[in-house]
Amino acid sequence: MLKQRVMTSVVLAPLALLLVFFTPLNLFSVIAGAIILMGAWEWAAFIGLTNRLHKGIYVLIMAAVLGGLHVHWPITELWQQGRLVADANYVFTLAAAWWLVATVLVMNYPRMAKAWNEGMIMRTIAGFLTLIPLWLALNVLRSAEYHQAEQYGSVLIMVVLGIVWSADIGAYFAGKNFGKHKLMPNVSPNKTIEGLVGGLLTAVVFVIIFCYCSDVASHQWLLYAGLTVVIALFSAIGDLLESMFKREAGLKDSGKCLPGHGGILDRIDSLTAAAPIFALLYAWTVTL
């Protein structure tokens, strides 16, 4: 399993860098959309859709929504004078509200499972609220300041990826070496409070190092460290939410397309929460 994970990562890492830094905006949007639709196919199993036709219909509906957003908000116009257009920012505010609700659902699992698990509607809506803001966040960040500095948005995406990855790595090693108190055993038995704290600290260290290397004014470091804690906490909620849905669906992994890693959702679960929250907080900081 470890060998498979390493080999898959060796292939995926350069592809991710190529996608983030070297693809034109519209191609980036299309590829990001394809990844989201692969995630939607896997989410259909959480809803209870097992028939390939029904899964395909769910994916087509998701594709139609993404297509509508792409027409309504052309990626090259998602930023105006360095600021998010107001209506795109509303989507991230809605996403933030959803992740607050998701936090309540996860923290009260399985006591509140009945509230959203009896029918398909709530789980269907949850899929849209989880996946669509991720696509929009990636596009908004990638297009930031594009006409002034083409790679600026790519760096923003790498920062949010760095926060997610450093939090995951820190949580793994802190939990493995110091973990004694279970975080949410009903949702994910292996996660510990010590692991969560280690992940938050690692993410903060990553951002402070980034600020130092990027010549960010030192008086802003504390602000960015605080925002990093918020983003990293929500990335943990994204991970836990997917674990909750997998547990309810009786699945170990969301899919099998990535050897050693499971499915697409298993790789982007933390990012589904972190990226929209990052975009919202970044939009807030640039207007200060």
Applying side-chain contact (heavy atoms from CB on, under 4.5 Å) to F245 and L241, what does each step give before you reach the verdict? CA-CA 6 Å; F245 278 113; L241 183 76; 3.6 Å; yes
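- A donor-acceptor pair is defined here as one N or O able to donate and one able to accept, closer than 3.5 Å; no such pair exists between the side chain of E194 and the backbone of G175.
- Note that CZ of R123 and CH2 of W43 are 10.5 Å apart. Values are rounded to the nearest 0.5 Å.
- Heavy-atom neighbours of Y172 OH from other residues, nucleotides or ligands within 6.0 Å: at or below the threshold of 12.
- Residue L49 holds its CG atom at 6.5 Å from OG1 of T124, rounded to the nearest 0.5 Å.
- Listed here is the closest heavy atom pair of K182 and P189: NZ-O, 2.9 Å.
- Between the side chain of S154 and the main chain of V20, a donor-acceptor pair closer than 3.5 Å is present.
- Checked by atom type and distance alone, the side chain of S143 never pairs as donor or acceptor with a backbone atom of Y146 at under 3.5 Å.
- Counting only distance, with no hydrogens or angles, the side chain of Q151 and the backbone of F21 share a donor-acceptor pair below 3.5 Å.
- Contact between L156 and A144 at its shortest, heavy atoms only, is CD1-CB, 3.7 Å.
- In the hydrophobic clustering of ILVMFWY residues, with side-chain heavy atoms under 4.5 Å counting as a link, V197 and I169 come out apart.
- The hydrophobic clustering, which links ILVMFWY residues whose side-chain heavy atoms are closer than 4.5 Å, places V30 and L131 apart.
- Screening residues 214-238 for side-chain hydrogen bond (donor to acceptor under 3.5 Å, both in side chains), with sequence neighbours left out, gives no hits.
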Verdict with reasoning, T50 to K55, per side-chain contact (heavy atoms from CB on, under 4.5 Å): CA-CA 7 Å; T50 56; K55 285 186 174 183; 5.6 Å; no
Does the side-chain contact (heavy atoms from CB on, under 4.5 Å) test come out yes or no for M244 and L240, once each step is laid out? CA-CA 6 Å; M244 183 182 73; L240 289 167; over 6 Å; no
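- With hydrogens and angles disregarded, a donor-acceptor distance shorter than 3.5 Å links the side chain of D266 to the backbone of G263.
- Annotation: side chain of V159 is in contact with side chain of F278 (closest heavy-atom distance under 4.5 Å).
- W284 is connected to Y152 through a chain of hydrophobic side-chain contacts under 4.5 Å among Ile, Leu, Val, Met, Phe, Trp and Tyr, so both are in one cluster.
- Annotation: ring-ring contact (aromatic ring centres under 6.0 Å, His included) contacts involving residues 120-142, sequence neighbours excluded, comprise Y58-F128.
- At least one side-chain heavy atom of M120 sits less than 4.5 Å from a side-chain heavy atom of I47.
- One hydrophobic cluster, built from ILVMFWY side chains closer than 4.5 Å, holds both L271 and L18.
- Taking all atoms of both residues into account, the shortest heavy-atom contact from V187 to V106 is CG2-O, 3.8 Å.
- To the nearest 0.5 Å, atom CG of residue L200 and atom CD1 of residue I163 are 11.0 Å apart.
- With sequence neighbours excluded, the residues forming a side-chain contact (heavy atoms from CB on, under 4.5 Å) with L129 are L94, W98, I125, listed by chain and number.
- The two residues A236 and L196 come nearest to each other via the heavy atoms CB-CD1, 4.0 Å.
- Legend: residues meeting side-chain contact (heavy atoms from CB on, under 4.5 Å) with N190, ordered by chain and number and at least two apart, are absent.
- Residues passing the side-chain contact (heavy atoms from CB on, under 4.5 Å) test with L37, sequence neighbours excluded: V59, M62, A63, L66.
- Looking at heavy atoms from C-beta onward, L19 lies out of side-chain contact with L15 at the 4.5 angstrom threshold.
- With contacts defined as side-chain heavy-atom distances shorter than 4.5 Å, the pair I277/F92 does not qualify.
- In this model, no donor atom of one side chain and acceptor atom of the other lie less than 3.5 Å apart for R142 and N139.
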In sequence, state the C-alpha distance, the side-chain angles, and the governing distance for T130 and L134, and then conclude on side-chain contact (heavy atoms from CB on, under 4.5 Å). CA-CA 7 Å; T130 299; L134 171 60; over 6 Å; no
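- L161 is not connected to V205 by any chain of hydrophobic side-chain contacts under 4.5 Å among Ile, Leu, Val, Met, Phe, Trp and Tyr, and they are in different clusters.
- Remark: R247 CZ to S188 OG distance equals 7.5 Å, nearest 0.5 Å.
- Heavy-atom minimum distance, F46 versus L265: CE1-CD1, 3.7 Å.
- Contact of the L233 side chain with the V229 side chain is registered, since non-hydrogen atoms from C-beta on lie closer than 4.5 Å.
- Counting only distance, with no hydrogens or angles, the side chain of E145 and the backbone of G153 share no donor-acceptor pair below 3.5 Å.
- The CD1 atom of I209 sits 8.5 Å away from the CZ atom of F206 when rounded to the nearest 0.5 Å.
- A search for side-chain contact (heavy atoms from CB on, under 4.5 Å) contacts involving I57 returns L53, I61, not counting sequence neighbours.
- Taking each heavy atom of A275 and L141 in turn, the nearest pair found is O-CD1, 4.5 Å.
- Between the S29 side chain and the L25 main chain, no donor and acceptor come within less than 3.5 Å of each other.
- Rounded to the nearest 0.5 angstrom, L138 CG and I35 CD1 are separated by 8.0 Å.
- Side-chain contact between T202 and F173 is absent, with no heavy atoms from C-beta onward closer than 4.5 Å.
- Side-chain atoms of T192 and L183, non-hydrogen and from C-beta on, never get closer than 4.5 Å to each other.
- In this structure, the side chains of I132 and L136 stay at 4.5 Å or more apart for every pair of heavy atoms.
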